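The structure displayed is predicted, hence computed values, not measured ones.
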Amino acid sequence: MLRQLLHGAAACSALGTLSGQVLAQSPAQAPSRLQVPIAVNEASRRPFVKHILRLIGEAAQIEWQIQPLPWARAMLLAERGQLMVFGVSRTPAREQVLSFSEPVFDNHVWMVVRRDQAMDYRQLSDLSGRTLCVSRGTSYGPSFEAARGSLFKVELANGDLNARVRMLMAGRCDVMLSSHRSAQPWLFERLLREESGHSAAVSVLPTPLQVDPIHFAVARDHPLAQALPRLNAAMRQQAKAIQALVNSDL
C-alpha cells in the first residue's frame with residue numbers, strides 16, 4: 001500500500017509539473033522540455049519501444065518517465081488521467097474517455113496455431129467453434145467483441161507471449177492472438193519460434209485478424225492531452241526514421 005501511495009504521489013507531482021509547463025507556454029515561445037509519465041505494455045519488445053520513444057521524445061522535447069505495466073492496468077491509469085499510454089488502438093469505447101495522437105505505426109494481429117492443426121482463415125466466421133487465447137485487457141474491435149462467447153470462446157492470459165504459447169501447446173486454445181508491427185507473417189513466426197523455444201511446433205496464419213494503427217493516448221480534457229500536438233509534429237518530422245525502426249529487428 002505504501003508503495004502504491006508513493007507511486008501515486010510521484011505521478012501527481014509529474015502531472016503538476018507538466019500542467020505548469022504546458023499551460024505557461026505561449027505559442028510564440030520555443031517549446032520547453034516536458035517530463036511526461038508514460039505507460040507501456042510490460043510484455044512489449046522493450047528495445048523497440050525504448051528506441052521509438054527516444055526518437056519521438058527527442059524531436060518533441062519530451063523526457064519520458066516510462067512505466068512498464070500490465071496492459072489492463074496501463075489503460076486504467078490512462079483513463080484516470082494518471083499518465084499517458086503508448087501502443088493503443090482506437091475503439092469507440094476508448095474514444096469516449098481518451099484523446100489520441102496521430103498513428104505512430106500499424107500493428108498486425110496475427111493468429112498462431114499448432115503446426116499440426118493448421119487452418120484456413122478469410123473472415124471472422126472461420127473461427128466458429130474455436131477457442132482463442134487472448135491477452136487480458138486487449139480489445140480487437142466491435143465485431144470481435146460481438147462474436148466472443150457466441151461464435152468462438154476466449155481464454156484470457158496475461159500479457160506474456162510465452163505464457164500464451166504454452167496455453168496453445170497444452171491444448172487450452174486452438175488459436176493464439178498476438179500483435180506485432182511486422183506486416184510479414186514469416187518474420188513474426190521466426191521471432192515467435194526464437195522466443196518461445198517451440199522451433200517447429202507453431203505456425204502463423206498468413207492473413208492477420210486485423211491491422212490496427214497504434215497511438216499515444218491520454219484522458220480527455222486532461223493537461224497531458226496538450227502534449228499531443230507536439231507529439232504529432234515530432235512524428236511527422238521523424239516519419240522516415242520511425243518507419244526504419246518499424247522495419248528493424250529490434
[X] to [Y] - nearest heavy-atom pair and separation:
X      : Y      : answer
Trp71  : Arg136 : CB-O, 4.3 Å
Leu151 : Leu124 : CD2-O, 3.3 Å
Leu168 : Val113 : CD2-C, 3.9 Å
Leu98  : Ala219 : CD2-N, 3.8 Å
Leu156 : Arg148 : CD2-NH2, 3.7 Å
Pro206 : Trp110 : O-CZ3, 3.6 Å

Gap between atom [atom2] of [Y] and atom [atom1] of [X] - 0.5 Å precision:
X      : Y      : atom1 : atom2 : answer
Leu161 : Arg166 : CG    : CZ    : 9.5 Å
Phe144 : Thr138 : CZ    : OG1   : 9.5 Å
Met176 : Met169 : CE    : CE    : 11.0 Å
Asn162 : Leu192 : CG    : CG    : 8.5 Å
Ile66  : Met84  : CD1   : CE    : 12.5 Å
Glu63  : Glu58  : CD    : CD    : 11.0 Å

Report yes or no: does [X] contribute a side-chain atom to a donor-acceptor pair with the main-chain N or O of [Y] at less than 3.5 Å?
X      : Y      : result
Arg164 : Ser135 : no
Arg90  : Glu95  : no
Asn232 : Glu102 : yes
His215 : Ser101 : yes
Asp126 : Gln123 : yes
His222 : Leu224 : yes

Do [X] and [Y] belong together in a cluster built from hydrophobic side chains that touch within less than 4.5 Å?
X      : Y      : result
Met111 : Phe152 : yes
Val97  : Val218 : no
Phe100 : Met235 : no
Phe188 : Leu177 : no
Val88  : Ile242 : no

In terms of side-chain heavy atoms, does Ser182 have a donor or acceptor partner in Gln184 at a distance below 3.5 Å?
no
Can you spot which of Val85, Leu83, Val40 makes a side chain to side chain contact (heavy atoms under 4.5 Å, CB included) with Gln67?
Leu83
Identified side chain to side chain contact (heavy atoms under 4.5 Å, CB included) counterpart of Pro208 within the set Leu205, Val204, Val211:
Val211
Within a strict 4.5 Å, meaning less than it, do heavy atoms of the [X] and [Y] side chains meet?
X      : Y      : value
Thr207 : Arg122 : no
Ser89  : Arg94  : yes
His108 : His180 : no
Met119 : Val175 : yes
Gln65  : Ile38  : no

Any pair with a residue in residues 79-156 that passes disulfide (SG to SG under 2.5 Å), sequence neighbours left out, goes on the list, sorted by first then second residue, please.
Cys133-Cys173
Between Val165 and Val112, does a side-chain contact (heavy atoms from CB on, under 4.5 Å) hold up when you go through it step by step?
CA-CA 9 Å; Val165 173; Val112 184; 6.0 Å; no
Tell me, yes or no, whether the heavy-atom count around Asp221 atom CG, taken from other residues, nucleotides or ligands under 6.0 Å, exceeds 12.
no
I'd like to check the salt bridge (Lys or Arg N to Asp or Glu O under 4.0 Å) partners of Arg54; sequence neighbours left out, ordered by chain and number.
none
Sequence neighbours excluded, the answer for ring pair (Phe, Tyr, Trp, His ring centres under 6.0 Å) partners of Phe216 is Trp64, Phe86
By side-chain contact (heavy atoms from CB on, under 4.5 Å), which residues pair with Ser248, not counting sequence neighbours?
Arg181, Leu245, Leu250
Not counting sequence neighbours, which residues clear side-chain hydrogen bond (donor to acceptor under 3.5 Å, both in side chains) with Asp212? List them please.
Gln210
May I ask you to list the residues sharing a hydrophobic cluster with Leu76, side-chain cutoff 4.5 Å, ordered by chain and number?
none
Less than 4.0 angstrom from a charged side-chain N to a carboxylate O is my criterion; do Glu42 and Arg73 meet it?
no
